[in-house]
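Scroll down for the structure; my scribbles are underneath it.
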Amino acid sequence: MGRTPFQFEGDFAAVSQEHYKERARNPRFDYRHRVEYAAMGWANQIGHAEFPPDELNKILAGKDGAVLSKDAVNNHVRRAKEWGLVKTESSRLCLVLPEHHFQKGIGDITCDVHGVRPAKRFRP
């Protein structure tokens, strides 16, 4: 398999989002990193990873497969924010990656949770 040229300036490397989705679901990693992995795995072009209610709870299920409570997920997201792994505006509904940490060349550029929409250009 050949490599696709990376299109951004600076010292960046491309990663497999599917790999990060697998890591987010893997209970051998600690929760704060699993939150970061979920952000990396599901992030759109602007670094926002939106989740339906309770979806992140299922992704972060424990070793026994038990789905985490909303409070538990909120605590894990808070710890990931304290470590700087996700931005402070992150929640269990949308994890936001720092701009210096993540860039993506394709994908959605909106976020319903944070009300991010591209500006409409006036077309006469």
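Position 1 is the first residue of the sequence, and the numbers go up from there.
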Does the side-chain hydrogen bond (donor to acceptor under 3.5 Å, both in side chains) test come out yes or no for T110 and D108, once each step is laid out? CA-CA 6 Å; T110 64; D108 195 12; 2.7 Å; yes
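The heavy-atom pair separating H33 from L85 by the smallest distance is CD2-CD1, 4.0 Å. Taking all atoms of both residues into account, the shortest heavy-atom contact from D112 to E50 is N-OE1, 3.0 Å. Across all non-hydrogen atoms, the minimal contact from A39 to V86 is CB-CG1, 4.0 Å. Closest approach of P53 to R92, counting heavy atoms only: CA-NH1, 4.4 Å. Between P27 and A61, the shortest heavy-atom contact is CB-O, 4.3 Å. For the residue pair A24 and A38, the shortest heavy atom distance occurs at CB-N, 3.5 Å.
With respect to L56, the side chain to side chain contact (heavy atoms under 4.5 Å, CB included) criterion is satisfied by exactly one of L68, V77, L93: V77.
At least one side-chain heavy atom of I59 sits under 4.5 Å from a side-chain heavy atom of W42. Taking the side chain as every heavy atom from C-beta outward, I46 and E99 never approach each other to under 4.5 Å. The side-chain heavy atoms of M40 and H101, taken from C-beta on, include a pair separated by under 4.5 Å. Taking the side chain as every heavy atom from C-beta outward, V35 and L95 approach each other to under 4.5 Å. A 4.5 Å side-chain heavy-atom check between K104 and N44 finds every atom pair outside the cut-off.
One finds a salt bridge joining E18 and K21 here, because a Lys/Arg side-chain nitrogen approaches an Asp/Glu carboxylate oxygen to under 4.0 Å. Between E36 and R32, none of the side-chain N atoms (NZ, or NE/NH1/NH2) sits under 4.0 Å from a carboxylate O, so this pair counts as no salt bridge.
How far NZ of K81 is from OG of S91: 7.0 Å, rounded to the nearest 0.5 Å. Between the CG atom in L97 and the OG atom in S90 there is a gap of 7.5 Å [rounded to 0.5 Å]. In this structure, CZ in R25 is found 11.5 Å from NZ in K58, a value given to the nearest 0.5 Å. We find the CD-CZ distance between Q17 and F102 to be 4.5 Å, quoted to the nearest 0.5 Å.
Note on L60 and V67: separate hydrophobic clusters, where clusters join Ile, Leu, Val, Met, Phe, Trp and Tyr whose side-chain heavy atoms are under 4.5 Å apart, directly or indirectly. At a threshold of 4.5 Å between side-chain heavy atoms, the hydrophobic network of Ile, Leu, Val, Met, Phe, Trp and Tyr places Y20 and F29 in one connected group.
E89 places no side-chain N or O within donor-acceptor distance of the main-chain N or O of V96, the cut-off being under 3.5 Å. Side chain of D54 to main chain of N57: no donor-acceptor pair is present (N/O by atom type, distance under 3.5 Å, no hydrogens or angles).
Using cut-offs of 30° and 60° for the angle between ring planes, the H76 and Y31 rings count as parallel.
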